[in-house]
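Shown next, in structure tokens, is the structure this report addresses.
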Amino acid sequence: MTERHPTGTYVFGVMKMEVEGRDSERFGAIVASAVATLDKTFASEPRLRTRTLAFAGAHLTPGAGNYAPLDFLEIGLAEKLERDLPFLLIVTEVDLSSSSLAYTLALPSQLTNIAVLSTRRLDPEFWGDAPDPERTAGRLASLMLHCFGHLNALHHVSEPTNVMYALEGVQDLDGMTRLDADQLAHIAHTLPREARERSTREGKPGFVLRMLFEDAGVIARAVARANPFRLLAMMPTMLAAALSVIVVLIFSAETWDVAAAVSVPQIGTFSLMCLASAAFVLYRAFAFDTLLSRDRRLTESGIVTMAATILCLILTLLAMFVLFGGLMYLVIITVFPERLMESWPGTGEATTAVDHLKLSLFLAAMGVLAGSLGGRTDSRDLVRGVLFITEET
């Protein structure tokens, strides 16, 4: 048999990833105590069990005193695949950077089924109080449950004692100690779907097509959560590169010649080629590369991650194409006088609405292609954060 199916047991991996290693014994005890709390919480779900792991020697470079959580996520993707884990929580003792908050405690990624958590600010000693390992472990357990809830599509609630409370500070974790019966039932119901643990080593094209069909809803929700319009707003270099090329081209007589000479199908084909090329460039720049395990297994979760990433990038580029196409059409009909449209092109007049449409599509396509090349220099962490991170906790 070439395809591996779920066995009925879902392993919830907790991986200790020490970076600075200043107090390994204490860190290990805190994680062990938190995992014991998780085991008690999920005692009523026999299909779910925890497994504590360790990743030694993570050589990461801090920036401004903290570490990029997406570096941990990239390591976690490979380890999750090799260790055959449906869910993985990475726990580190160092501070994690944030793109929008003063600090972050954890970053769950529902798309990859991985969450990255930090114990750094959970310890009361960090805030000037006496060290309290028991309290730190309790906070870590609450944070683990909160992240695992996000990996299983649980939403925030307004009850401060619930682990899915939308916490605002570290102190909120002290009261977040329970999951209600409905939430536990939801996790039990969604475990097979959210685990996405099927894999194969042969018949990969058919496996890919079947997973894309069966997980279409998961992929669509991941794209909606990433929001292509928000991603576009996070890539100023791509927008600037596209606009600069368009401005140069629109004042070139040769560009107007193209608009007057080519047909609408030719412009449409050219636009599709530009969109496809731009999507490939951005995918290579921002996607995580891990798709196959060491034994050449192709996994369901890898396919879902890849498909959601590609679709989100395509929709982002399509949004930019429509934006610049509409903007250029408006500029053409309002800024350029008709006499110039009659005399400027060397292949004939370009005064009709169809000519203006062809010119707008050509400019937008060139802008998308140029923008993708410039967009490679946008922050990888920022773009990957939009693509892969569910929330900053």
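In this text the structure is predicted, and so the values were computed from the model without any measurement.
Note on Leu38: it clusters hydrophobically with Leu184, by side-chain heavy-atom contacts below 4.5 Å among ILVMFWY residues. A continuous path of hydrophobic side-chain contacts links Leu53 to Leu77 [ILVMFWY only; heavy atoms under 4.5 Å]. Note on Leu357 and Leu323: separate hydrophobic clusters, where clusters join Ile, Leu, Val, Met, Phe, Trp and Tyr whose side-chain heavy atoms are under 4.5 Å apart, directly or indirectly. Both Met234 and Ile310 are assigned to one and the same hydrophobic cluster, defined by single-linkage of ILVMFWY side chains at heavy-atom distances under 4.5 Å. No path of Ile, Leu, Val, Met, Phe, Trp and Tyr side chains, each step under 4.5 Å between heavy atoms, connects Phe280 with Leu369, placing them in separate hydrophobic clusters.
By the 4.5 Å heavy-atom criterion applied to side chains, Leu107 and Phe72 are not counted as neighbours. Proximity of Met235 to Leu282: side-chain heavy atoms (C-beta onward) are separated by under 4.5 Å at one or more points. Side-chain contact between Val31 and Val14 is present, with at least one heavy-atom pair separated by less than 4.5 Å. A heavy-atom distance below 4.5 Å is found between the side chains of Val170 and Tyr103. Looking at Leu179 and Leu154, their side chains come closer than 4.5 Å, going by heavy atoms from C-beta outward. Side-chain contact between Met366 and Phe270 is present, with heavy atoms from C-beta onward closer than 4.5 Å. Counting heavy atoms from C-beta outward, Leu359 and Met328 have side chains that stay 4.5 Å or more apart.
Checked by atom type and distance alone, the side chain of Glu74 never pairs as donor or acceptor with a backbone atom of Asp71 at under 3.5 Å. A donor-acceptor pair is defined here as one N or O able to donate and one able to accept, closer than 3.5 Å; such a pair exists between the side chain of Ser244 and the backbone of Ala241. At distances below 3.5 Å, at least one donor-acceptor pair connects side-chain atoms of Ser142 with backbone N or O atoms of Met176. No donor-acceptor pair closer than 3.5 Å links the side chain of Lys16 to the backbone N or O of Gly28. With hydrogens and angles ignored, the 3.5 Å screen pairs no side-chain donor or acceptor of Thr255 with any backbone N or O of Phe251. In this structure a side-chain-to-backbone donor-acceptor pair under 3.5 Å is missing from His186 to Gly149. With hydrogens and angles disregarded, no donor-acceptor distance shorter than 3.5 Å links the side chain of Thr161 to the backbone of Gly175. In this structure, Ser277 contributes its side chain and Met273 its backbone to a donor-acceptor pair below 3.5 Å. Using modelled atom types, no side-chain atom of Glu20 and backbone atom of Glu93 make a donor-acceptor pair closer than 3.5 Å. A donor-acceptor pair under 3.5 Å links the side-chain atoms of Arg47 to the main chain of Ala188, judged by distance alone.
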- Just do the side chain to side chain contact (heavy atoms under 4.5 Å, CB included) check on Leu173 and Leu122 with the steps written out, would you? CA-CA 9 Å; Leu173 290 167; Leu122 302 183; 3.6 Å; yes

- Query: Step by step, would you call Phe324 with Leu363 a side chain to side chain contact (heavy atoms under 4.5 Å, CB included)?
  - Reply: CA-CA 8 Å; Phe324 282 126; Leu363 291 170; over 6 Å; no

- Message: Using the rule given for side chain to side chain contact (heavy atoms under 4.5 Å, CB included), can you reason through Val218 versus Arg221, listing the C-alpha separation, both sets of side-chain angles and the distance that settles it, and then say yes or no?
- Response: CA-CA 5 Å; Val218 176; Arg221 287 193 295 272; 3.4 Å; yes

- After noting the C-alpha distance and the side-chain angles of Phe213 and Arg210, does the key distance pass the side chain to side chain contact (heavy atoms under 4.5 Å, CB included) rule? CA-CA 5 Å; Phe213 176 77; Arg210 191 166 74 257; 5.8 Å; no

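Considering Met17, Met144, Met15, Glu18 in turn, Met144 is the only one that fulfils the side-chain contact (heavy atoms from CB on, under 4.5 Å) rule with Val91.
Minimum interatomic distance between Val11 and Pro86 (heavy atoms only, all atoms of both residues): O-CD, 3.3 Å. Between Thr136 and Pro124 the shortest heavy-atom distance is OG1-CD, 3.4 Å.
A distance of 11.0 Å separates CG of Leu361 from SG of Cys274, quoted to the nearest 0.5 Å. Rounding to the nearest 0.5 Å places CG of Leu313 at 11.5 Å from CG of Leu232. Between atom CE of residue Met211 and atom CD of residue Glu214 there is a gap of 4.5 Å, rounded to the nearest 0.5 Å. To the nearest 0.5 angstrom, Leu231 atom CG is 4.0 Å from Thr316 atom OG1. Interatomic distance, CZ of Phe55 versus CD1 of Ile90, reported as 9.0 Å (0.5 Å rounding). Once rounded to the nearest 0.5 Å, the distance linking CZ of Arg121 with CG of Leu96 reads 9.5 Å.
Using a 30° and 60° split on the angle between ring planes, His156 and His150 fall in the perpendicular class, above 60°. Below 30°, between 30° and 60°, or above 60°: for Phe148 and Phe87 the angle between ring planes is above 60°, a perpendicular geometry.
Judged as a salt bridge (Lys or Arg N to Asp or Glu O under 4.0 Å), and not counting sequence neighbours, the contacts of Arg135 are Asp174.
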